Amino acid sequence: MKKVLWFRRDLRVDDSMLLSVEGEVLPIFIFDTHILNSLPKTDRRVAFIFEQVLSLKAKLKALGLDLALFYGTPLEVFSYLKTLGFSDVYASVDYDAYAKERDEKVGAILRFHALNDSYLFEPTEVLKKDGTPYLVFTPFYKACQQLYTQFHVLKYTKATQRLCEFDCSALWHIEKESKTALHVKMENIGFIPLHVKLLEPHKALEAFTCKLDAYAHDRDFLACDATSHLSVHLRFGTIGIREVVRYLVALKKQGHTTEPFFRQLIFREFYAYLLYHFPHLAWKNYKYTPPYEENQESYERFITAQTGYPLVDAAVRELLETGLMHNRARMVVGSFFTKHLLLPWQRGEAFFAEHLLDYDASANILSWQWCAGTGIDPQPYFRIFNPYAQSLKFDKEALYIKRFLPQLRDIPSSLLHKESYLLSHNIPHYPKPIIQHEKARKRFLNAFAHTT
Ligand SMILES: Cc1cc2nc3c(=O)[nH]c(=O)nc-3n(C[C@H](O)[C@H](O)[C@H](O)COP(=O)(O)OP(=O)(O)OC[C@H]3O[C@@H](n4cnc5c(N)ncnc54)[C@H](O)[C@@H]3O)c2cc1C
């Protein structure tokens with residue numbers, strides 16, 4: 001029986017479920033034209049994935065295997081592999097709408113085996129007594145804590161595997177019935193080579209050790225490098241969730257405070273779990289339908305970091321420049337977008353999806369729904385972040401603001417948290433606030449009172 005090992009959200013060889021599948025195997029990676037065709041040629045994620053895929057290929061070779069590379073749609077690739085006598089495909093779970101539909105269709109071509117290699121828990125494992133899914137994070141978290149055993153973080157070892165005969169030296173462009181051998185180069189999948197500067201996952205984990213005890217307190221401070229920077233690696237599986245938790249367990253034994261960080265990892269599980277059980281959350285509100293205005297000018301000012309709210313604009317600049325955004329900033333921006341600007345969360349979600357290196361459908365969609373107050377267990381709709389109070393609290397010296405908005409460098413930090421100053425002064429190369437905070441707050445609450 002010839003098995004395909006389809007790498008996608010699990011680009012590693014350590015502790016890999018795919019590599020624990022015994023027998024005659026062909027590890028593959030597909031540069032999916034269905035996804036790639038809609039991305040800009042300079043997409044950082046594609047560059048990151050390309051680098052990781054080459055590194056994975058080298059590591060697999062060192063293990064006596066290899067990685068076959070394809071460029072095409074998964075359906076075309078699996079139809080082709082079927083003609084070569086492959087019968088089964090193994091892949092890590094993926095719960096977003098496109099992935100679910102794609103996997104179902106692939107399952108009609110080859111026998112599909114979904115492996116829970118990206119999360120600790122299976123979505124059907126954590127249920128309420130009546131068998132329905134949890135709708136509130138804290139009880140879900142408690143249930144996870146109770147269910148958790150060392151088996152959830154057991155390390156998978158490599159099985160005995162034999163590489164199926166296949167020419168892995170080329171990048172195979174599969175299109176309809178034809179197949180063309182291309183050189184393994186970014187340009188051949190239509191992208192410009194870029195280098196994404198990101199700390200290697202084990203270095204990130206090591207660097208985080210001395211920050212762990214202060215994590216709960218420091219993680220919200222925007223200029224304080226207090227978080228793990230693991231989101232991109234967890235997203236693409238360049239480090240496995242089980243390894244991160246084993247690392248926490250070891251540090252807990254040494255007396256470190258690990259619970260606040262573990263809680264965030266369970267948030268990641270919760271959001272994937274919700275999207276699995278309630279796929280319509282990807283586009284539909286769960287709780288309310290808040291008031292929205294399709295105001296293109298507000299949207300343009302937001303995406304070009306021209307709202308005149310320093311924290312919001314700095315955060316958008318961070319996203320555009322680095323492909324990431326501090327979590328506290330994401331929360332403030334999500335609230336501002338939906339409540340101050342009355343824009344639909346779906347548009348903000350799509351903007352993040354376009355730029356975030358760590359973009360993950362479940363984390364992004366559910367977090368946007370949280371900010372908008374529309375999701376399952378969301379931020380209450382009437383809680384509207386005051387961006388000035390947020391920057392005063394979490395970026396008092398305006399270090400974060402000034403890093404991403406250099407035109408504000410010479411303005412005393414205290415003034416950047418004061419609306420009265422920003423409204424009454426002409427700052428070179430920086431606009432006045434798009435709307436007064438209090439006016440925006442009242443406008444939202446008033447509009448909300450008239451909706452369902
Ligand atoms: C509007 C909005 C959109 C977001 N979009 C994404 C996204 O697309 N992808 C993504 O991975 N995270 C998203 N987050 C969550 C969070 O901002 C990032 O996970 C975090 O900033 C990544 O930095 P870190 O790895 O240093 O996090 P740490 O603070 O070190 O957290 C450790 C890990 O826990 C997980 N995590 C932390 N917070 C959350 C959360 N709220 N929801 C789900 N998982 C969490 C991540 O995997 C993260 O790597 C979003 C949050 C908001 C408010």
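Given the structure is predicted, the values throughout are model-derived calculations rather than measurements.
Closest approach of Val21 and Gln161 over heavy atoms only: O-NE2, 2.6 Å. When all heavy atoms of Leu127 and Tyr273 are compared, the closest pair comes out as CD2-OH, 4.0 Å. Between Asp377 and Trp370, the shortest heavy-atom distance links the atoms O-CD1, 3.5 Å. In terms of heavy atoms, Tyr276 sits closest to Lys100 at O-NZ, 3.5 Å.
In summary, Lys211 and Asp218 do not engage in a salt bridge, as defined by a charged side-chain N under 4.0 Å from a carboxylate O. A salt bridge links Asp117 with Arg242: the closest approach of a Lys/Arg side-chain nitrogen to an acidic carboxylate oxygen falls below 4.0 angstrom. Note on Asp103 versus Arg8: salt bridge recorded, some NZ/NE/NH1/NH2 to OD/OE distance being below 4.0 Å. Under the 4.0 Å criterion applied to side-chain N and carboxylate O atoms, Lys393 and Asp220 are not assigned as salt-bridge partners. Taking a cutoff of 4.0 Å between a charged side-chain nitrogen and a carboxylate oxygen, Asp15 and Arg246 qualify as a salt bridge. Salt-bridge formation is detected for the pair Arg111/Asp88: a Lys NZ or Arg NE/NH1/NH2 atom is positioned less than 4.0 Å from an Asp or Glu carboxylate oxygen.
Residues passing the side-chain hydrogen bond (donor to acceptor under 3.5 Å, both in side chains) test with Tyr80: none are found, sequence neighbours excluded.
The aromatic rings of Phe404 and Tyr400 lie perpendicular to each other, with more than 60° between the two planes, well past the 30° mark. In this pair, Phe302 and Phe336 present their aromatic rings parallel. The plane angle is below 30°, not in the 30 to 60° band.
In this structure, Arg347 forms no cation-pi arrangement with Phe337, as its terminal cationic atom is not both closer than 6.0 Å to the ring centre and no more than 45° off the ring axis.
There is a side-chain donor-acceptor pair under 3.5 Å between Arg219 and Tyr215. With hydrogens and angles left out, the side-chain atoms of Thr374 and Gln369 include a donor and acceptor closer than 3.5 Å. Checked by atom type, the side-chain pair Asn285/Trp345 shows a donor-acceptor distance below 3.5 Å. Donor-acceptor pairing under 3.5 Å is lacking for the side chains of Glu293 and Tyr299.
Checked against a 6.0 Å centroid threshold, the rings of His34 and Tyr98 count as neighbours. Here the two rings, on Phe270 and Tyr141, have centers that are 6.0 Å apart or farther.
To the nearest 0.5 Å, atoms OG1 (Thr307) and CG (Asp313) are separated by 3.5 Å. Separation of atoms CZ (Arg317) and CD (Gln306) is listed at 9.0 Å; rounding is to 0.5 Å. Note: His173 NE2 to Phe70 CZ = 12.5 Å, rounded to the nearest 0.5 Å.
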Side-chain donor-acceptor pairs under 3.5 Å in residues 46-60, sequence neighbours left out?
unit_1	atom_1	unit_2	atom_2	d
Glu51	OE2	His195	ND1	2.8
Lys57	NZ	Asp66	OD1	2.9
Lys57	NZ	Leu67	O	2.9
Lys57	NZ	Cys168	O	2.7

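Pro290 places none of its side-chain heavy atoms less than 4.5 Å from the side chain of Tyr381.
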